Amino acid sequence: MQRKDIARQARVSTALVLALALMWGCAAPETATEVKSPDGRIAILFALDDSGAPVYSVSFDGKPVIKPSGMGFEFKDQPPLSGGLEVAQADLSSFSETWEMPWGEQRAVDNTYNQLTVALKEKEAPERSLVLHFKAYNDGIGFRYEFPAQAGVDTVIIMDERTGFNLAGDHTAYWIPGDWDIYEHLYHKCKVSEINAIKYRNHPGLAQTYIPENAVNTPVTMKTDEGLYLSFHEANLTDYAGMTLKVDTANLSLTSNLVGSDRLGYKVKRALPFETPWRTIQISETAGGLIDSKLIVNLNEPNKLGDVSWFHPMKYVGIWWEMHLGISTWDYEGSQSMSSFAEGGKAGSGTHGATTANAKRYIDFAAKNGIGGLLVEGWNTGWDHWTGFDDREGVFDFVTEYPDYSLQEVVRYGREKGVEVIMHHETSAAPRTYEQQLDTAYALMKSLGIHAVKTGYVGKIIPAGEYHHGQWMVNHYRKVLEHAAKYQVAVDAHEPIKATGIRRTYPNAVAREGLRGQEWNAWASDGGNPPDHLPTVAFTRMLSGPIDFTPGVFELSLKPKPNNQVNTTLAQQLALYVVIYSPIQMACDLPENYEGHPAFQFIRDVGVNWEHSLTLDGEVGEFVTIAREERGTGNWFIGSITNEAGRDITIDFGFLPEGKVFDVQVYRDGDQAHFRDNPGDYAIESDKIKKGDSRSYHLAPGGGVAISLMAIKK
Ligand code: NOJ
Ligand code: CA
């Protein structure tokens, strides 16, 4: 590990002040300082304006990316902290290290940046202090506020944060609404001036949703008319409210709008000293550069858990898709269908999915195919009493199994066959009930040697007035993660708080949902996920971290659900194992749809833990091609997916290592393939490929190609 830490006092130069004034054509601010990325292309300029209010701006190659924008806070019992400030001290420093991901899309991560730290103080009483930290990387910028310990202020109650992002143009934006309760929205593409999040209130199929403003959730990705790609997000969301960005369509600016608590009447309460999450902007000349950027994880603290080798990246199957298809039910009686998100379930059919016998059937299938995990949903009591009950407190029990399911026996059988059970905790958004049971629930997992849990938070949060993305829930999700770590359990949260790179610090945060996943295809009344959904997700939601998307549907017409289908081809379902990164990847379809299917070989072969990842090509919402090298084997896998437009792609294999020939299997769309009416048409072809070769492949509408390159052993 190489580390250099050079700190030097930044002298506030008159030249800089003049430069800023000339650059933005405004009155000369009182002071200005600048920090540039190591390659010198990105610059952050900080200044105080005439009123002593902090202002920052960002440029790329000398052209404005963020025009001078304000920073500050509104408090409950104090005047706002937004003007009358002076610079007490400004420091520039540099940092460089290489750190290792215990599991991940790549092993070694370069973390090199230049930093500007500005200590501010109010000139007059109450003379409060605030420190600003700006970091400039080659792939973007981050900044945060620090509230240092100070006389007279113990605690702040933040009514809102006022961080502005004044855009330099009317960019094309790829966004979901600023929903305080859920991220499971379709992405929309339009100019910033046309964003209308309010229109998407009351989307069907959402068990919880609250969109109070014309705001967007992050990551929100934009393309400028000059072809520069930007993505706005946050890093290290700790003990703070999630940030949405309120859109001023007339002035083309975004302003932080924190998720609040109606119950508590504020947005954030913190004792001093503390630091806010980082506000981040990834900047790239190519769309793919956004995916390869490591800005978000780099802005988090190093691994706090140490050795996490008890968690193994793995593929898994589950007693899951059959419930979403309505073939079986989560609850024991089969008397309620979970109709809020699985309309058409066979209420009253008595076909409980989570039986010991059914679990063994899945384990046998997994063991035969080298799949390491089995998720079982609907194993515990509570499901019968969920839907329709306003008070869900005390309903779910995380240690008591239904009479037709023996957790102990399933775990034993799985171990005998080399398949780990993944625990399931659906909290029904009653976190207090869950917290009361954390000790017993995780002790049970420990006693059985279970190292992974999928959690869920469907519905409106109890207590009323709290939202999934507010400070209170941010703290709940963190508490669960920390608790799980003590018991050596990895967490895959559904209906989660968004990923903000916390996996660097807590590598047991292995994956999460936080988007419209595969399940929507089984029951959405709006036609399911359209073909441009995943080519957009790759450049938006995926920038925040691993996704439990649950790919791998082979029976794409969804026979048990005549009104639904999956809007991709079979080859695209395979390609998703490479494109959508997660250290746990589900093979979500029913075993009977995989048995004997030649294309299943790709799912058997594909890696889940990577040495390197490279985005070869792509355009937001249109297509993306990603190559990944598996850790430990030297095998490479490539996935490419397209939206509703068919297209030809050419892959240049210049990234392969010198002097090696690979045995290649290509799983491509058949000549007649089309996501709408012929999704299952595919072809498998063999090839031999070495560095320097190039190949072209045709992707059908809604299609894809999945390629395995196995290193030939000498
Ligand atoms: C919603 C989750 O996203 C889904 O995967 C799960 O099956 C249901 N909740 C039930 O917990
Ligand atoms: Ca969900």
Side-chain angles (χ1 to χ4, degrees), residues 6-13 15-24 26 28-49 53-72 85 87 89-96 111-120 130-146 161-168 222 224 228-236 243 245 253-256 275-285 293-296 298-299:
I6 322 149
R8 59 185 191 272
Q9 191 74 20
R11 295 248 310 277
V12 176
S13 81
L16 263 174
V17 176
L18 281 176
L20 187 79
L22 287 174
M23 219 171 141
W24 308 120
C26 55
E30 199 180 304
T31 57
T33 43
E34 183 189 45
V35 61
K36 283 193 168 180
S37 56
D39 65 5
R41 301 187 73 182
I42 298 175
I44 313 172
L45 211 50
F46 168 79
L48 288 174
D49 70 11
V55 176
Y56 80 99
S57 55
V58 181
S59 64
F60 180 77
D61 282 351
K63 294 191 199 97
V65 170
I66 300 295
K67 298 198 287 184
S69 302
M71 312 173 82
L85 293 156
V87 175
Q89 193 173 331
D91 297 302
L92 282 169
S93 60
S94 302
F95 183 82
S96 183
N111 179 21
T112 302
Y113 60 83
N114 293 325
Q115 175 165 221
L116 167 66
T117 307
V118 186
L120 300 170
L130 182 68
V131 182
L132 306 177
H133 299 266
F134 296 94
K135 290 186 178 181
Y137 293 77
N138 290 345
D139 54 348
I141 65 122
F143 59 90
R144 68 165 15 164
Y145 304 86
E146 176 191 345
E161 180 187 316
R162 295 286 177 232
T163 303
F165 302 87
N166 289 332
L167 304 173
M222 297 183 189
T224 72
L228 195 66
Y229 296 85
L230 312 174
S231 188
F232 298 81
H233 188 43
E234 58 182 310
N236 192 355
M243 178 180 73
L245 293 170
S253 75
L254 312 171
T255 309
S256 57
E275 288 160 329
T276 69
W278 294 93
R279 278 60 190 97
T280 62
I281 311 174
Q282 285 158 281
I283 303 173
S284 174
E285 287 175 295
S293 158
K294 287 289 149 289
L295 183 79
I296 304 300
N298 274 334
L299 283 167

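Positions are given from 1, in the same order as the sequence printed here. As the structure is a computational prediction, the values presented were derived from the model and not from experiment.
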> Parallel, tilted or perpendicular: which describes the rings of F134 and Y56, with under 30° parallel and over 60° perpendicular?
Replying inline: tilted

>> Students often mix this up, so state it plainly: with edges at 30° and 60°, are the rings of Y137 and Y113 parallel, tilted or perpendicular?
In response: tilted

A side-chain contact here means heavy atoms from C-beta on lying under 4.5 Å apart; do [X] and [Y] qualify?
X	Y	result
L120	P54	yes
M222	F232	yes
F46	V55	no
L245	T255	no
T224	L230	yes
V58	I42	yes
K135	F95	no
I296	N298	no

Identify the two heavy atoms, one from [X] and one from [Y], that lie closest to each other, and give their separation to 0.1 Å.
X	Y	result
P68	S57	N-CB, 3.8 Å
N114	S94	OD1-OG, 2.9 Å
S253	N166	CB-OD1, 2.9 Å
S69	G164	CB-O, 3.2 Å
P64	A168	O-CB, 3.3 Å
M71	L132	SD-CD1, 3.9 Å

>> Using the side-chain contact (heavy atoms from CB on, under 4.5 Å) definition, which of the options I281, V35, L116, I66 pairs with I44?
In response: V35

>> Show, in sequence, the C-alpha distance, side-chain angles and deciding distance for T280 and E234, and conclude whether the side-chain hydrogen bond (donor to acceptor under 3.5 Å, both in side chains) test is met.
In response: CA-CA 5 Å; T280 62; E234 58 182 310; over 6 Å; no

>> S256: which residues meet the side-chain contact (heavy atoms from CB on, under 4.5 Å) condition with it, sequence neighbours left out?
In response: E161, T163, M243

> Could you give the distance from CG (L299) to NE2 (H133), rounded to the nearest 0.5 Å?
Replying inline: 12.0 Å

Does [X] reach the main-chain N or O of [Y] with its side chain, forming a donor-acceptor pair under 3.5 Å?
X	Y	result
W278	R144	no
T276	Y145	yes
S59	V65	no
D139	K294	yes
S37	R41	yes

>> Any donor-acceptor pair under 3.5 Å linking the side-chain atoms of D91 with those of T117?
In response: no

>> Let's go through Q282 and S293 carefully: what are the C-alpha distance in whole Å and the side-chain angles of both, what is the deciding distance for side-chain contact (heavy atoms from CB on, under 4.5 Å) to 0.1 Å, and is it a yes or a no?
In response: CA-CA 7 Å; Q282 285 158 281; S293 158; 3.0 Å; yes

